[in-house]
K.L.:
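Structure in structure tokens, see below.
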Amino acid sequence: MRIALASAITALTLAGTVCSAQVTQPGATPPKTWVDKDTGHRVFRITDEPGSSAFYFNVNAYSPDDRYMIYTAPDGIHTLEMATRKTRLLVPNPPRPADGPEGAPRGFNGNHAIVVGHKTNSIFYTHTDPATRLSTVFKANMDTGEITRLATLPPRASIATVNADETLGAGVYDESDATAAQAYGANNPNPATAANAAADRERAPLVQPESKGAMMERRLAARIPLVLFTVELKTGKVHELLHSTDWVNHLLFSPIDPTLLMYCHEGPWHKVDRIWTIRTDGSHNTLMHERTMLMEIAGHEFWGIDGETVWYDWQPPKGEDFFLAGYHLDPNTDHKRVAYHMLRDEWSIHFNVNKGATLFCGDGGDPGQVAKAPDGEWIYLFHPEWRFNDNSIDKPEYWKPGIFHSERLVNMKHHNYRLEPNVRFSPDSKLVLFTSNMFGPSYVFAVEVDKAAPGATDVFSTPELGRVYGPDPTPTH
């Protein structure tokens, strides 16, 4: 099968599908496009840098005018022009120092991309000084490449988000050096202990370590004192929002309200009350979902594009029943809570939504994930439908129920799910973008929402295509 497939691929070289006849060798340049035989949708590899990656699923990657998307690669921060799919290295990483730790994670002595602004065509990023271990916030203009130095953060501090009017960053810092050494997270400028170095090497960008579960249990139990803070990007002035020994993580400012911050209590989901919002003056610290069932879990929260809804994975109870739930922030909404039901195989590590919430997408999961889905390794498109209300008793506090009708876009059976695909829609909703290691190293891919036109000559099984270029993935279960 591999020989036949390789011969077919080589025959397509003149059509621009592949770059080399040596496609049967691991490490050869993988194809730029093909039609997935199992789904009928066209797939594109849109980055050329091995080890490139799109943002985490809930972090804004698009410029306000929808012209650019930001992605990262080992050499730095790149722009992708959405109309032409041309890419450009915008912010190069500095050379690694000769005495730097071998195998240190991306961002060590380099640039760590934070988020694309909602007001200007800017990518915000930090750079950590290897001598002082202090991180400084910068922004780069995605049109001109101009770089502006902003604020230097307190010791042990990092930021994860920038607000809607681009005046504030938000982050956390551990209250002492002693407890900082116990922290879990590649973006925290920790002391270079042997344990941290080993964990960081295992935890390459957006790749989950095999020991993640045990590490999360230890970090939650450590009860490390920390501070949730905002920083004024023009002046560097820090405002403390709360002191906590809960593990505060996944900070996300509202895309429309510059005073509203979402964050989570990190840890095993059944052991934490996860999703919270707080105002930038420290008021209205509010739990978004309160469980009513033993072993009920909620997490992987994200903002809707309009900023009016918080969406999240909801399982009542864990691993048994699966919904994408939404909480509408508008107090005048008849039903503030909604929930779309899905089948076990349709559950995804991450979900996302398009403008208008007419379509949703998911990145699936292998049998080693919480759903233990026997056939869940797909990129999914979801068409939402509200359940028919046959004159039911109705109260404003009731959940509004719906269901997802799924469509498979990409067969991901040759993808190693330790790297989470982190799906998102393109601004025009015509593509679903994701990161995959199906060819060995990671690249950013896109798949068309509409099926490919009949008559395509480059129709391949995506898993078989992956086996031509890379080894079979290591199971996560």
K.L.:
Identify whether the distance between the nearest side-chain nitrogen and carboxylate oxygen of E296 and K318 falls below 4.0 Å.
P.N.:
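Result for this pair is no, no salt bridge flagged.
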K.L.:
Specify whether H289 and Y312 have parallel, tilted or perpendicular ring planes, treating 30° as the upper limit for parallel and 60° as the lower limit for perpendicular.
P.N.:
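The arrangement is perpendicular - the two ring planes meet at more than 60°.
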K.L.:
Say you draw a straight line from CG of L241 to OH of Y263; how long is it, rounded to the nearest 0.5 Å?
P.N.:
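Those atoms lie 9.0 Å apart.
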K.L.:
Give the table of side-chain donor-acceptor pairs shorter than 3.5 Å for residues 138-145, with sequence neighbours excluded, one pair per line with atom names and distance.
P.N.:
{"unit_1": "N141", "atom_1": "OD1", "unit_2": "D143", "atom_2": "N", "d": "2.7"}
{"unit_1": "N141", "atom_1": "OD1", "unit_2": "T144", "atom_2": "N", "d": "2.9"}
{"unit_1": "N141", "atom_1": "OD1", "unit_2": "T144", "atom_2": "OG1", "d": "3.4"}
{"unit_1": "D143", "atom_1": "OD1", "unit_2": "R67", "atom_2": "NH1", "d": "2.8"}
{"unit_1": "D143", "atom_1": "OD1", "unit_2": "Y68", "atom_2": "OH", "d": "3.0"}
{"unit_1": "D143", "atom_1": "OD2", "unit_2": "N121", "atom_2": "ND2", "d": "3.3"}
{"unit_1": "T144", "atom_1": "OG1", "unit_2": "E146", "atom_2": "N", "d": "3.1"}

K.L.:
Going by atom types only, do H405 and E385 share a side-chain donor-acceptor pair under 3.5 Å?
P.N.:
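Yes, because at least one side-chain N or O of H405 sits under 3.5 Å from a partner of the opposite role on E385.
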K.L.:
Do D330 and K336 sit within salt-bridge range, that is, some charged N less than 4.0 Å from a carboxylate O?
P.N.:
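K336 and D330: not salt-bridged.
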K.L.:
Taking the side chain as every heavy atom from C-beta outward, state whether T136 and D129 have any atom pair closer than 4.5 Å.
P.N.:
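The answer is no, as the side chains (C-beta and beyond) never meet within the 4.5 Å cut-off.
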K.L.:
Going by atom types alone, do H78 and D75 pair a side-chain donor with an acceptor below 3.5 Å?
P.N.:
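Checked: H78/D75 side chains pair up, N/O donor to acceptor below 3.5 Å.
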K.L.:
Are side-chain N/O atoms of H415 and S436 paired as donor and acceptor at under 3.5 Å?
P.N.:
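On atom types as modelled, these side chains qualify, holding a pair under 3.5 Å.
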K.L.:
When you compare the side chain of V59 with that of T161, does any pair of heavy atoms fall below 4.5 Å?
P.N.:
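No. Closest side-chain heavy atoms not under 4.5 Å.
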K.L.:
How are the rings of H250 and Y56 set to each other: parallel, tilted or perpendicular (split at 30° and 60°)?
P.N.:
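Parallel: the ring planes of H250 and Y56 meet at under 30°.
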K.L.:
Please name the pair of heavy atoms, one in T435 and one in A54, separated by the smallest distance, quoted to 0.1 Å.
P.N.:
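Looking at all heavy atoms of both residues, the closest pair is OG1-N, 3.0 Å.
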K.L.:
Got a donor-acceptor contact below 3.5 angstrom from the N163 side chain to the P258 backbone?
P.N.:
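Indeed, once roles are kept as given, a pair shorter than 3.5 Å links the two residues.
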K.L.:
Closest approach of F425 and V353, non-hydrogen atoms and distance?
P.N.:
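Looking at all heavy atoms of both residues, the shortest contact is CD1-C, 3.6 Å.
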K.L.:
Donor-acceptor check, side chain of W314 to backbone of W311, threshold 3.5 angstrom: yes or no?
P.N.:
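No, the answer is negative, given that no donor and acceptor are paired below the 3.5 Å cut-off.
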K.L.:
Is R156 salt-bridged to E175, cutoff N-O under 4.0 Å?
P.N.:
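A salt bridge is absent here (no side-chain N lies under 4.0 Å from a carboxylate O).
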K.L.:
Any luck finding a side-chain donor-acceptor pair between S122 and E166 under 3.5 Å?
P.N.:
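On atom types as modelled, these side chains do not qualify, holding no pair under 3.5 Å.
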K.L.:
Is R337 paired with E397 through a side-chain N to carboxylate O contact shorter than 4.0 Å?
P.N.:
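Salt bridge between E397 and R337, a charged N being under 4.0 Å from a carboxylate O: no.
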K.L.:
Assess the side chains of H350 and N422: does a donor N or O sit below 3.5 Å from an acceptor N or O?
P.N.:
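Yes, a side-chain donor-acceptor pair sits under 3.5 Å.
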K.L.:
Specify the closest pair of heavy atoms between T126 and S135, including all atoms of both residues, with the distance to one decimal.
P.N.:
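In this case the closest contact between T126 and S135 is CB-CB, 4.5 Å.
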K.L.:
Could you tell me whether a side-chain N or O of H414 sits under 3.5 Å from a main-chain N or O of M438, the two making a donor and an acceptor?
P.N.:
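The answer is yes, because a donor-acceptor pair under 3.5 Å joins these two groups.
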K.L.:
Just checking, R424 and F55: is the charged tip under 6.0 Å from the six-membered ring centre and within 45° of the axis?
P.N.:
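Cation-pi check for R424 and F55: fails.
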K.L.:
Assess, by modelled atom type and distance only, whether the side chains of D428 and S426 contain a donor and an acceptor separated by less than 3.5 Å.
P.N.:
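Yes, a side-chain donor-acceptor pair sits under 3.5 Å.
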K.L.:
Between D48 and K32, does at least one N-O distance fall below 4.0 Å, as a salt bridge requires?
P.N.:
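Looking at D48 and K32, the cut-off is met.
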K.L.:
Could you tell me whether F229 and Y173 have their ring centroids closer than 6.0 angstrom?
P.N.:
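Yes, the ring centres sit under 6.0 Å apart.
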K.L.:
Using modelled atom types and a 3.5 Å cut-off, is there a donor and acceptor pairing between side-chain atoms of T47 and backbone atoms of V444?
P.N.:
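A pair under 3.5 Å: yes.
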K.L.:
Who are the salt bridge (Lys or Arg N to Asp or Glu O under 4.0 Å) partners of D257, not counting sequence neighbours?
P.N.:
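Only R279 meet the salt bridge (Lys or Arg N to Asp or Glu O under 4.0 Å) criterion with D257.
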K.L.:
Quick check: does any side chain N or O of D345 sit under 3.5 Å from a backbone N or O of D375, one acting as donor and the other as acceptor?
P.N.:
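The answer is yes, because a donor-acceptor pair under 3.5 Å joins these two groups.
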K.L.:
Under 6.0 Å from the ring centre and within 45 degrees of the ring axis: does the NZ or CZ of R45 meet both conditions for the six-membered ring of Y443?
P.N.:
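Judged by the rule, R45 and Y443 form a cation-pi pair.
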K.L.:
Can a donor-acceptor pair be found, under 3.5 Å and without considering hydrogens, that links the side chain of H341 to the backbone of I403?
P.N.:
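No, the answer is negative, given that no donor and acceptor are paired below the 3.5 Å cut-off.
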K.L.:
Establish, for the pair K400 and W386, whether the NZ or CZ atom is under 6.0 angstrom from the six-membered ring centre and no further than 45 degrees off its axis.
P.N.:
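Satisfied, under 6.0 Å and within 45°.
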K.L.:
Using atom types as modelled and distance alone, determine if a side-chain donor or acceptor of T33 lies under 3.5 Å from a backbone N or O of V43.
P.N.:
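It does hold such a pair.
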K.L.:
If only side-chain N and O atoms count, and only distance matters, is there a donor-acceptor pair under 3.5 Å linking W378 with S348?
P.N.:
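No.
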K.L.:
Measure centre to centre between the rings of F382 and F404, then say whether the value is under 6.0 Å.
P.N.:
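Yes, close enough.
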K.L.:
Please check this pair: side chain of W247 against backbone of R219, looking for a donor-acceptor N/O pair closer than 3.5 Å.
P.N.:
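Pair absent, no side-chain N/O of W247 close to backbone of R219.
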K.L.:
Do side-chain atoms of N437 reach the backbone of P441 as a donor and acceptor pair under 3.5 angstrom?
P.N.:
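No, N437 side chain to P441 backbone: no donor-acceptor pair under 3.5 Å.
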K.L.:
If only atom types and distance count, is the side chain of K451 paired as donor or acceptor with the main-chain N or O of T39 below 3.5 Å?
P.N.:
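Confirmed, K451 side chain pairs with T39 backbone.
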K.L.:
Rounded at 0.5 Å granularity, tell me how far CG in L252 sits from CG in N58.
P.N.:
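So the gap between those two atoms works out to 4.5 Å.
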K.L.:
For W347 together with Y340, are the ring centres under 6.0 Å from each other?
P.N.:
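No - the distance between ring centres of Y340 and W347 does not fall below the 6.0 Å cut-off.
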